[in-house]
Number of protein chains: 2
Amino acid sequence: MKRTGQPTINDVARLSGVSKKTVSRVINQSPLLNEETRRRVEEVIAELGYVPNPQARALALRRNFLIGLIHDNPNGQMVLGVQEGILEAIRETSYALVVRPVDRRSPTMVADIRNFLEQQRLAGVLLLPPISENEELASMCREIGCAYVRMGSTTLDDPEHLVASNDRDAVAEAVRHIISLGHQRIGFIAGPPGFRSAEERMAGFEHALAEAGITIPRSMIADGNYTFDSGRAAAERLLDLSPRPTAIFASNDEMAAGVLHAARQRELRVPDQLSIVGFDDTAIAAHMWPPLTTVRWPIVSMARAAALKLIDPDHAADEPSLFLSSLIRRSSVAAPPKG
Amino acid sequence: MKRTGQPTINDVARLSGVSKKTVSRVINQSPLLNEETRRRVEEVIAELGYVPNPQARALALRRNFLIGLIHDNPNGQMVLGVQEGILEAIRETSYALVVRPVDRRSPTMVADIRNFLEQQRLAGVLLLPPISENEELASMCREIGCAYVRMGSTTLDDPEHLVASNDRDAVAEAVRHIISLGHQRIGFIAGPPGFRSAEERMAGFEHALAEAGITIPRSMIADGNYTFDSGRAAAERLLDLSPRPTAIFASNDEMAAGVLHAARQRELRVPDQLSIVGFDDTAIAAHMWPPLTTVRWPIVSMARAAALKLIDPDHAADEPSLFLSSLIRRSSVAAPPKG
DNA sequence: TTGTACGCGTTATCAC
DNA sequence: GTGATAACGCGTACAA
């Protein structure tokens with residue numbers, strides 16, 4: 001009779017004069033239970049402050065009450081927003097969040113993740129872009145029976161395995177806005193090759209241009225990889241062009257910050273001489289000078305929905321899987337200079 | 001004979017013709033073992049790809065292989081840096097990282113954390129500022145026997161429970177630098193009251209001033225709370241002064257970004273008319289225009305050391321607990337304007 | 001140096 | 001409806 005530490009299910013059973021199994025039924029909301037019994041057991045539980053031991057449950061259920069976040073360090077603000085959303089979803093539950101960064105360039109990535117999932121026996125995982133776009137990874141999750149949700153820029157999977165934004169439409173809207181102000185020479189800085197989000201954003205750009213009957217030389221499209229430095233380098237190339245673009249759409253905010261940096265070094269005034277648009281609406285966007293016009297996608301809400309899908313796979317399809325982005329107009333965009 | 005899922009310790013025992021316990025000894029590196037036996041068991045382990053089940057271990061050991069990160073959302077970049085450091089430390093181990101945000105304004109915070117720790121039975125937790133400065137929280141960890149490390153701006157605890165930077169000295173060095181350029185009217189934007197880091201940084205500021213024999217009016221010290229907006233608001237007040245400061249030290253980078261924002265709105269040229277210094281060297285610092293002179297503290301290394309202390313409490317004191325910050329000179333600082 | 005028997009706290013099976 | 005009893009996979013006394 002060691003009274004050390006937390007009370008266990010045995011203590012509850014003994015004190016309420018029922019068997020362990022009955023207590024277990026009470027905990028797990030079994031429907032076939034005498035109301036009277038349930039009430040009595042619940043009283044004892046409350047009195048003792050009993051809480052089920054997650055380790056023991058994990059062992060018996062062969063499944064942990066952990067939600068995994070697997071990512072390849074896509075972008076700091078994004079990871080933070082996602083964590084915030086997941087934590088909102090699991091706040092009042094017994095779930096916890098475990099974070100697992102991986103290296104997408106590693107040839108053993110899928111195998112590594114598989115080991116991790118099998119060992120930790122997570123309840124489910126949220127896959128962030130760009131690795132969420134990896135089909136092999138998704139099949140592996142299905143194969144080992146691990147619940148998963150993929151976050152992406154477009155329809156990657158069934159609704160119960162997906163939270164996605166509409167990057168293509170959002171970029172098209174942003175570009176239409178630029179065009180409506182009179183810009184014709186619009187530069188574009190792409191995201192890294194192989195990223196679905198990069199492709200979607202580029203497609204939105206091209207769509208808006210085609211729609212308006214504008215054609216631009218291939219040189220107006222520069223490669224980037226979502227980093228500040230790549231944005232700056234791309235902007236250098238774009239601004240070396242003659243005539244140079246009067247507006248630049250960067251596929252994310254960090255690269256847009258790089259564009260601004262390059263513009264400043266050339267003593268180009270933004271937005272008078274050069275308009276800039278970004279994507280993500282990360283913290284940096286509103287804090288730049290001038291504040292950046294950008295596309296905001298509801299990352300926290302998306303992550304929250306994703307976590308809810310993972311926690312309750314049966315109703316996963318009830319949570320929304322498609323989310324709308326919107327254009328945030330700040331002061332980095334203006335009409336092009338005359339002449 | 002169910003051959004489903006992972007091999008267990010029993011499979012290893014059977015195939016290598018020894019008892020479970022012997023396998024257990026091999027796993028746990030027991031010294032008293034026949035070399036021959038160990039070799040044989042290890043072969044079988046490798047062959048089967050056996051990995052101990054963390055859930056079962058957790059139950060038997062009454063201790064999980066999880067490192068907890070507990071924080072009150074101090075600042076996005078910091079949380080990310082810390083996660084990176086922890087993950088470096090546990091990369092090759094069987095530990096995982098679980099993240100737990102809390103609300104320091106909640107009266108039940110310590111109790112909530114206690115419940116979390118007792119239920120999850122974490123191997124140890126890393127406490128981030130500002131809650132790391134909470135003595136009640138630290139005593140609670142000691143009381144329930146949970147290993148902990150506090151991250152702070154000064155000596156908060158014994159070396160085995162601490163990773164700290166020398167904020168005071170670092171700020172003093174930065175301010176000396178400003179003074180050496182000829183600045184006399186230096187404004188200061190403080191961090192939130194009650195934050196030890198805020199106090200330390202202020203102390204460093206005052207120390208450097210006193211050292212140089214400079215006295216400033218009380219109005220040159222403005223309140224802030226580490227947010228962009230508070231930095232901007234504080235800068236407004238400072239720049240309304242007459243004569244206004246020729247340099248402003250902001251207690252973190254985000255506030256420094258706010259100062260820059262305010263300066264731009266007034267069309268003050270930085271650094272010609274106003275020098276700005278920040279603290280943290282977050283991503284934003286190098287990407288602002290002009291790039292921000294700031295203080296860098298080795299957050300990733302500190303977090304890595306903290307995690308190593310948690311993983312191996314016996315050698316916790318071997319890992320360094322004091323870390324040096326350094327001044328990063330960029331272009332937001334110049335000599336004050338003449339006259 | 002190695003093995004036996006049991007405990008860790010929970011859930012699942014299958015009787016009653 | 002409810003309760004013995006056996007998993008779940010590993011660690012630890014204690015014995016051999």
Side-chain angles (χ1 to χ4, degrees), chain A residues 1-42 44-45 48-66 94 118-121 123 145, chain B residues 1-42 44-45 48-66 94 118-121 123 145:
Chain A
M1 189 84 35
K2 57 191 114 146
R3 301 276 72 251
T4 118
Q6 314 267 83
T8 77
I9 198 172
N10 290 307
D11 300 324
V12 178
R14 190 161 28 75
L15 263 68
S16 45
V18 300
S19 77
K20 279 199 320 192
K21 181 57 196 171
T22 301
V23 178
S24 177
R25 278 194 258 265
V26 173
I27 296 169
N28 294 297
Q29 322 253 18
S30 165
L32 8 81
L33 252 183
N34 186 318
E35 257 317 308
E36 172 60 20
T37 316
R38 146 168 296 140
R39 212 185 36 66
R40 206 169 65 243
V41 172
E42 275 172 347
V44 176
I45 288 181
L48 255 48
Y50 164 75
V51 184
N53 177 318
Q55 282 73 41
R57 273 161 71 99
L59 182 57
L61 286 170
R62 298 127 144 274
R63 172 175 97 82
N64 228 318
F65 283 71
L66 297 175
S94 57
E118 286 186 336
Q119 268 134 56
Q120 296 294 333
R121 295 178 193 271
Chain B
M1 188 79 42
K2 59 189 109 145
R3 299 277 73 248
T4 120
Q6 315 265 89
T8 77
I9 196 172
N10 290 309
D11 299 325
V12 178
R14 190 161 28 76
L15 264 67
S16 46
V18 300
S19 76
K20 268 191 349 184
K21 180 55 197 171
T22 301
V23 179
S24 176
R25 277 195 257 266
V26 172
I27 295 169
N28 295 298
Q29 323 253 16
S30 164
L32 8 80
L33 254 181
N34 187 318
E35 258 317 309
E36 171 62 21
T37 316
R38 146 168 296 140
R39 210 185 39 68
R40 205 170 62 243
V41 173
E42 275 171 348
V44 176
I45 288 181
L48 255 47
Y50 164 75
V51 184
N53 176 319
Q55 282 73 41
R57 272 160 70 99
L59 184 57
L61 287 170
R62 294 119 147 268
R63 175 175 95 81
N64 227 319
F65 283 72
L66 297 174
S94 57
E118 287 186 335
Q119 267 132 54
Q120 295 294 333
R121 295 178 193 272

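- Counting to the nearest Å, the P atom of C:dG9 and the CZ atom of A:Arg14 are 12 Å from each other.
- The interatomic distance linking B:Arg40 (CZ) with C:dT1 (C1') rounds to 12 Å, in whole Å.
- Atom C1' of nucleotide C:dG9 and atom CZ of B:Arg62 are separated by 10 Å, given to the nearest angstrom.
- Looking at heavy-atom distances under 4.0 Å, B:Leu33 makes contact with sugar-phosphate atoms alone, never a base.
- In this structure, the side chain of A:Ser24 does not engage the main chain of A:Lys20 through any donor-acceptor pair within 3.5 Å.
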### Summary
Protein heavy-atom contacts under 4.0 Å, written 5' to 3' over nucleotides 10-16 of chain C as B (base), S (sugar-phosphate only) or - (none), form the string BBB----
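- Put simply, CD on A:Glu36 and CZ on A:Arg38 are 12.0 Å apart, with the number rounded to the nearest 0.5 Å.
- Residue order along DNA chain C, read from the 5' end via each residue's closest nucleotide, puts B:Gly17 first among B:Gly17 and B:Leu59.
- Considering all non-hydrogen atoms of both residues, A:Leu48 and A:Asp11 come closest at CD2-CB, 4.0 Å.
- In plain terms, the two heavy atoms of B:Ser94 and A:Gln120 that are nearest each other are O-NE2, 3.8 Å.
- Per the geometry, CZ belonging to B:Arg63 stands 10 Å off P belonging to D:dT12, to the nearest Å.
- Salt-bridge formation is not detected for the pair B:Arg39/B:Glu42: no Lys NZ or Arg NE/NH1/NH2 atom is positioned less than 4.0 Å from an Asp or Glu carboxylate oxygen.
- For A:Thr22, no side-chain nitrogen or oxygen approaches OP1 or OP2 of D:dG1 to under 4.0 Å.
- Atom C1' of nucleotide D:dG11 and atom CD of A:Gln55 are separated by 15 Å, given to the nearest angstrom.
- Nearest heavy atom pair, residue B:Pro52 against residue B:Arg57, reads CB-CD, 3.6 Å.
- Remark: A:Thr37 is in phosphate contact with D:dT2, judged by side-chain N or O atoms under 4.0 Å from OP1 or OP2.
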